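Computed from a predicted structure; not experimentally measured. Computed over heavy atoms, backbone and side chain alike; hydrogens, waters and symmetry mates excluded. Order of listing sets the numbers, starting from 1, for every ligand and every atom in it.
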Amino acid sequence: MSSRIAVVPGSFDPPTQGHLDVIRRAARLFDELHVLIVHNPDKEAMLPIAQRLELLEESVREAGIEGSVVVGSWSVGLLVDYAEEVGASVLVKGIRSQGDVTYETPMAVVNNHLSGIETVFLLADPANSVVSSSLVRQVASLGGDVTPYVPAPVARYLAAAGPSDF
Ligand code: PNS
């Protein structure tokens, strides 16, 4: 039987507890999981991609996530090009609310039209339903404590950097 490879794409700016939960659960469902930082042209980034990559790798490692998990980044074309390159047949996204369904549905449909890839939605743990990278960015930039919402490596990085850096 061929192995099932999936991609968890996102901006991860910064990675949150919600992201880690989806990664942990997806890693149990697939033989190989690629967690991919992708540039979102519609969003102004807080952290450079190299920094997000370091934080995501450290967060996945520290969380002791089981399974075959590869962390990478992609900025040279369509997400489905990356999926094709690594032999992935599934994209995995976390859903916290009806708003996420509305946001994700067009992307899932277009990605399917582009390459036949399927998108699997994992329902977020209610504990993470209010956690978003954009909220974390806002609170961190105003000097608030984001420790409950982000993995420890991200909390350490944001605390060391201080609000004026964002
Ligand atoms: O975490 P985000 O910002 O909601 O993730 C969105 C992302 C980066 C996955 C999405 O913008 C994306 O897939 N960008 C890659 C460009 C692409 O392939 N676009 C066409 C299909 S939607």
Side-chain angles (χ1 to χ4, degrees), residues 4-27 29-30 32-60 63 65 69-141 146 149-151 153-155 157-158 166:
R4 277 279 181 201
I5 304 172
V7 180
V8 182
S11 301
F12 300 105
D13 185 34
T16 66
Q17 295 290 19
H19 291 134
L20 265 200
D21 183 52
V22 168
I23 293 165
R24 183 184 291 103
R25 290 159 59 200
L29 297 175
F30 296 93
E32 189 178 311
L33 194 68
H34 291 249
V35 183
L36 193 70
I37 299 167
V38 188
H39 172 65
N40 184 339
D42 297 332
K43 290 181 182 171
E44 197 186 335
M46 173 177 77
L47 302 175
I49 286 192
Q51 188 60 58
R52 288 181 245 168
L53 192 57
E54 208 177 300
L55 291 172
L56 197 50
E57 276 171 346
E58 216 178 317
S59 300
V60 167
I65 290 175
V69 181
V70 178
V71 179
S73 66
W74 182 250
S75 52
V76 293
L78 291 167
L79 171 60
V80 295
D81 294 338
Y82 176 90
E84 200 168 319
E85 205 166 287
V86 299
S89 53
V90 175
L91 301 174
V92 179
K93 299 284 188 93
I95 296 292
R96 292 160 300 186
S97 62
Q98 191 58 45
D100 280 351
V101 176
T102 304
Y103 171 69
E104 295 292 348
T105 299
M107 289 196 273
V109 171
V110 168
N111 283 325
N112 181 262
H113 288 168
L114 286 168
S115 74
I117 200 160
E118 296 293 352
T119 299
V120 167
F121 292 139
L122 294 186
L123 293 183
D125 185 319
N128 296 318
S129 64
V130 299
V131 181
S132 68
S133 293
S134 59
L135 202 64
V136 168
R137 284 199 298 275
Q138 188 179 112
V139 173
S141 72
V146 294
Y149 314 120
V150 295
V154 178
Y157 173 81
L158 293 175
F166 307 116

With the criterion set at N/O pairs under 3.5 Å, what does the list of contacts between the protein and ligand 1 look like, atom names and distances included?
{"unit_1": "ligand 1", "atom_1": "1 (O)", "unit_2": "Ser11", "atom_2": "N", "d": "2.9"}
{"unit_1": "ligand 1", "atom_1": "3 (O)", "unit_2": "Ser11", "atom_2": "OG", "d": "2.4"}
{"unit_1": "ligand 1", "atom_1": "3 (O)", "unit_2": "Asn40", "atom_2": "ND2", "d": "2.9"}
{"unit_1": "ligand 1", "atom_1": "3 (O)", "unit_2": "Lys43", "atom_2": "NZ", "d": "2.7"}
{"unit_1": "ligand 1", "atom_1": "4 (O)", "unit_2": "Lys43", "atom_2": "NZ", "d": "3.4"}
{"unit_1": "ligand 1", "atom_1": "4 (O)", "unit_2": "Tyr103", "atom_2": "OH", "d": "2.7"}
{"unit_1": "ligand 1", "atom_1": "18 (O)", "unit_2": "Leu79", "atom_2": "N", "d": "2.9"}

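Judged purely by atom type and a 3.5 angstrom limit, Arg137 has no side-chain atom pairing as donor or acceptor with the backbone of Ala45.
With Val109 as the partner, the side-chain contact (heavy atoms from CB on, under 4.5 Å) test is satisfied by one option alone out of Thr105, Asn112, Asn111: Thr105.
Shown here is Phe30, whose CZ atom has more than 12 heavy atoms of other residues, nucleotides or ligands within 6.0 Å.
Glu54 is linked by a salt bridge (charged side-chain N to carboxylate O under 4.0 Å, His left out) to nothing, counting only residues two or more places apart in sequence or in another chain. The salt bridge (charged side-chain N to carboxylate O under 4.0 Å, His left out) check on Glu58 picks up Arg156, with sequence neighbours excluded.
Among residues at least two apart or in separate chains, side chain to side chain donor-acceptor pair (under 3.5 Å) pairs with a member in residues 82-91 are Arg4-Ser89, His34-Tyr82.
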